[in-house]
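One structure is given here, and the rest of the page talks about it.
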2 protein chains.
Amino acid sequence: MKEITVKKGQILQREGEMNGKVYFVKSGLLRSYSIDKKGKEHIFMFAPEDWVVSDNLPPDQPSGLFIDALEDSIVVAKEKDLARDSQMDTIKLFKRMGVLQKRIIMLMSSSAIERYEHFIETYPQIVQRVPQRMIASYLGITPEALSKVKGERIIKK
Amino acid sequence: MKEITVKKGQILQREGEMNGKVYFVKSGLLRSYSIDKKGKEHIFMFAPEDWVVSDNLPPDQPSGLFIDALEDSIVVAKEKDLARDSQMDTIKLFKRMGVLQKRIIMLMSSSAIERYEHFIETYPQIVQRVPQRMIASYLGITPEALSKVKGERIIKK
DNA sequence: GGTAAGCATTAATCTATATTAAGAAGTTGT
DNA sequence: ACAACTTCTTAATATAGATTAATGCTTACC
């Protein structure tokens with residue numbers, strides 16, 4: 001049960017590195033991201049209680065994802081040999097899987113505005129601290145589109 | 001380890017039902033879907049080796065998702081009390097979570113055409129057997145847009 | 001203090017996908 | 001075999017979000 005303190009900006013995994021680790025976020029904020037052919041970043045964020053998993057565990061193949069910290073964080077790193085760790089709470093793992101599955105359905109069927117509304121509900125503390133362009137990337141839109149969305153929100157209020 | 005045979009069209013979980021189950025797909029094809037305010041279906045498919053999880057396990061609250069079979073299938077149903085099941089292979093669960101996480105990033109950053117290409121690569125057997133409108137829903141587009149995409153694909157070839 | 005570099009915003013234009021509508025093709029029931 | 005349905009396709013138009021470009025704002029560096 002080794003807790004690791006991760007400083008803001010610190011990299012936990014580089015694209016192409018061998019992985020085999022799973023991180024449980026105790027505090028702070030992590031992100032994983034990939035870079036597409038056009039050089040664009042695509043971000044996913046992980047808040048406390050989330051699990052961050054490399055994309056191709058457990059074979060010893062390189063991961064296509066970066067993982068780093070957006071805020072000073074504390075994580076628990078688990079090795080892949082935790083299979084027989086009877087302490088591991090599979091209920092929580094299944095719950096998390098259910099959340100991910102439902103999120104995919106939600107993401108596919110909602111507009112940028114709806115996704116932004118959901119984001120500020122889910123991560124109210126984060127909105128101020130993280131650069132707009134990362135929030136935009138997380139929402140799957142451009143920073144310009146996010147500016148527009150925010151403008152329209154204020155008008156409505 | 002109770003295996004269940006599920007007939008095409010059979011419903012495993014209705015929206016609003018209490019859940020607490022997890023299904024491992026041995027053969028066939030399941031889907032889960034939700035219906036939005038406008039009455040539109042939003043689909044997610046599960047092929048052999050996938051886990052189908054209700055969205056809000058384990059609390060005894062209703063699920064917002066339907067789960068049913070698109071093909072005759074065989075599934076293993078697990079109760080939520082499997083937490084202390086030492087047979088449960090957490091490596092596989094983490095792997096599956098990693099796949100889901102990466103899929104979210106991919107979905108957010110790809111066009112309808114790219115998602116369709118990926119779909120027919122991933123599920124070549126399924127393309128013929130499942131109605132177009134379900135594939136469209138899975139891809140997050142309308143059936144009309146899918147028709148167009150397919151037309152453009154043929155022209156290119 | 002001035003200039004450079006990155007970030008956010010705004011606006012003009014462009015493009016992918018949605019919406020609407022209509023017809024063709026397939027299916028189901030009688 | 002026909003009528004009633006549903007699904008798929010095609011086309012015309014509308015719209016959300018991308019792209020491009022220009023501007024102001026910081027922050028950093030010389």
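Each chain gets a letter, A, B and so on, in the order its sequence line appears, and its residues count up from 1.
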Next on the checklist: Once side-chain hydrogen bond (donor to acceptor under 3.5 Å, both in side chains) is applied, do any residues pair with B:S27, and if so which ones, sequence neighbours excluded?
Outcome noted: none

Checklist outcome for this item: Closest non-hydrogen atoms of A:D50 and A:M45, given as atom of the first, atom of the second and distance, are OD2-O, 4.3 Å

Checklist entry - With A:F44, which residues qualify under ring pair (Phe, Tyr, Trp, His ring centres under 6.0 Å), at least two apart? => result A:F46, A:Y138

Item to check | Results of ring pair (Phe, Tyr, Trp, His ring centres under 6.0 Å) for B:Y123 - residues two or more places apart only | outcome: B:F119

Checklist entry - Whole-Å distance between D:dT9 P and B:I135 CD1? => result 10 Å

Checklist entry - Given atom NZ of A:K150 and atom P of C:dA11, what is their separation to the nearest angstrom? => result 15 Å

Checklist outcome for this item: B:Q132 atom CD is separated from D:dT6 atom P, nearest whole Å, by 19 Å

Checklist entry - Can you tell me how far C1' of C:dA11 sits from CD of A:E152, to the nearest Å? => result 13 Å

Item to check | Length of the line joining B:Q128:CD and D:dC8:P, which is rounded to integer Å | outcome: 14 Å

Checklist entry - Partners of A:K40 by side chain to side chain contact (heavy atoms under 4.5 Å, CB included), sequence neighbours excluded? => result A:D36, A:H42

Checklist entry - Rounded to whole angstroms, how far apart are CZ on B:R133 and C1' on C:dT27? => result 13 Å

Checklist entry - According to the salt bridge (charged side-chain N to carboxylate O under 4.0 Å, His left out) rule, which pairs have a member within residues 113-128 of chain A, sequence neighbours left out? => result A:E117-A:R153

Item to check | Sugar-phosphate or base contact per nucleotide [nucleotides 15-23 of chain D; S, B, -; heavy atom under 4.0 Å] | outcome: --BSBB---

